[in-house]
There are 2 protein chains.
Amino acid sequence: MTDRDASLETIQRELTAFARRARAAAARLHPELSLVSYTLLAHLEERGGCRATDLAAHYLLDKSTVSRQIAGLERLGFVERRPAPEDQRAQVLHLTARGGDTLAQVAANRRDAFRERLADWDGADLDRFAGYLLRYNASNRTPGRRTPQA
Amino acid sequence: MTDRDASLETIQRELTAFARRARAAAARLHPELSLVSYTLLAHLEERGGCRATDLAAHYLLDKSTVSRQIAGLERLGFVERRPAPEDQRAQVLHLTARGGDTLAQVAANRRDAFRERLADWDGADLDRFAGYLLRYNASNRTPGRRTPQA
DNA sequence: ACCTTTAAGTTGTACTATACAACCAGACCT
DNA sequence: AGGTCTGGTTGTATAGTACAACTTAAAGGT
């Protein structure tokens with residue numbers, strides 16, 4: 001086996017291990033917001049509101065899945081629906097104050113967890129690791145679709 | 001925000017994105033074996049058989065979950081149970097020939113997918129990325145438990 | 001030796017995330 | 001106006017998972 005193969009093997013193994021653990025780890029870190037809910041809220045915050053369809057396209061989720069996720073978040077009072085001015089079919093989803101607070105709280109938890117976990121990494125390594133992850137994820141775009149990235 | 005914070009932010013975001021996509025991506029890559037089944041089979045192969053309890057401990061899964069996963073793999077003819085010589089309660093799980101073949105096939109698919117995806121990375125980058133992932137995952141050990149790693 | 005406790009595994013039950021298909025309602029095109 | 005497309009909800013099904021109750025066997029204490 002070449003060095004290259006050994007590296008590939010390690011990358012595959014470690015990413016697999018990470019993937020297996022991630023959801024449960026996130027659930028432990030913030031039981032009040034699943035990884036997906038967290039992501040959806042974060043997206044709403046970042047964009048300042050968008051439609052359910054946009055979320056589905058962006059995250060490659062079925063619209064029914066998004067519909068139910070949003071329904072859950074609305075039930076929790078984290079999201080509100082506003083009529084879309086230009087299209088009566090559509091709704092624009094917005095974070096509520098409560099949703100924003102919760103998101104901020106969870107984001108802070110996550111940030112702290114990462115900060116602590118990576119506390120003994122030096123800055124240059126962090127920077128390179130971040131770069132590699134970006135590069136890896138960027139190569140994920142399903143060929144043939146116009147980068148419905150997620 | 002410091003450079004360090006920016007890197008942490010990126011790492012967090014990209015790992016989250018990866019985690020969100022991983023299961024579905026694995027399912028697309030090999031529909032016949034979920035990420036968890038794949039991992040369990042790979043573990044059995046690597047160890048040459050072990051008990052269900054060991055799998056549960058290793059992967060931080062409930063024993064009922066493992067029991068059902070194994071039942072499924074047995075139904076598919078990928079795993080067989082052998083009596084444990086030293087403990088009448090226990091069973092030692094082994095890969096069958098069919099299970100080994102399927103695993104090899106899936107592993108080859110995965111290897112190819114990673115190879116292709118990382119085709120334009122140079123060897124040094126692959127090596128560093130692998131090292132970072134190892135280091136990151138190694139820091140995951142839940143404190144207070146004796147490294148029931150997964 | 002007996003009784004209690006612990007360990008391995010299964011099964012009942014419940015919940016979450018997800019997909020696909022059927023559907024409804026509004027929009028758009030000709 | 002009629003047909004088609006699009007945004008969204010709902011019905012249904014599946015996978016993965018956990019927790020609790022249970023069964024059986026092993027281990028330990030007295």
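Keep in mind it's a predicted model, so treat the numbers as computed, not measured. Lettering follows sequence order; numbering is per chain, from 1. Below, all heavy atoms of this structure are taken into account, side chains as well, without hydrogens, waters or symmetry copies.
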Could you state the atom-to-atom distance from [atom1] of [X] to [atom2] of [N] in whole Å?
X	N	atom1	atom2	value
B/E74	C/dT11	CD	C1'	15 Å
B/L40	C/dG9	CG	P	13 Å
B/K63	C/dT6	NZ	P	13 Å
B/L55	D/dA18	CG	P	13 Å
A/D54	D/dT6	CG	P	14 Å
B/R51	D/dA25	CZ	C1'	13 Å
A/Y59	C/dT18	OH	P	13 Å
B/Q91	C/dA7	CD	P	18 Å

What does [X] touch in the nucleic acid at a heavy-atom separation under 4.0 angstrom: a base, only the sugar-phosphate, or nothing?
X	answer
B/T53	sugar-phosphate
A/R68	base
B/V36	sugar-phosphate
A/D87	sugar-phosphate

Between A/V92 and A/A24, whichever has its closest DNA chain D nucleotide further toward 5' is A/V92
Kindly check if the number of other-residue, nucleotide or ligand heavy atoms within 6.0 Å of CG (A/D3) is above 12?
no
Just compare [options] and give me whichever is closest to any side-chain atom of [X].
X	options	answer
A/D62	C/dA19, D/dA18, D/dT9	C/dA19
B/A90	C/dA19, C/dA8, D/dA18	C/dA8
B/R23	D/dT17, D/dT9, C/dA19	D/dT17
A/S64	D/dG11, D/dG8, C/dT18	D/dG11
B/S67	C/dT11, C/dA19, D/dT17	C/dT11
B/A52	D/dC19, C/dG9, D/dT17	C/dG9

Indicate whether the side chain of B/Y59 and that of A/R20 have a donor and an acceptor atom separated by less than 3.5 Å.
no
Think B/R81 has a side-chain N or O under 4.0 angstrom from the OP1 or OP2 of C/dA8?
no
With a 4.0 Å cutoff (strictly under), does any side-chain N or O of A/T65 reach OP1 or OP2 of C/dA19?
yes
Below 30° counts as parallel, above 60° as perpendicular, anything between as tilted: where do the rings of A/Y136 and B/F114 land?
parallel
So, [X] and [Y], do they make that salt bridge, N to O below 4.0 Å?
X	Y	value
A/R115	B/D5	yes
B/D101	B/R98	no
B/R135	A/D125	yes

What about B/R89, does its side chain sit under 3.5 Å from the base of D/dA26 through a donor-acceptor pair?
no
Heavy-atom nearest nucleotide on DNA chain C for A/Q69 versus A/Q88: which residue maps closer to 5'?
A/Q69
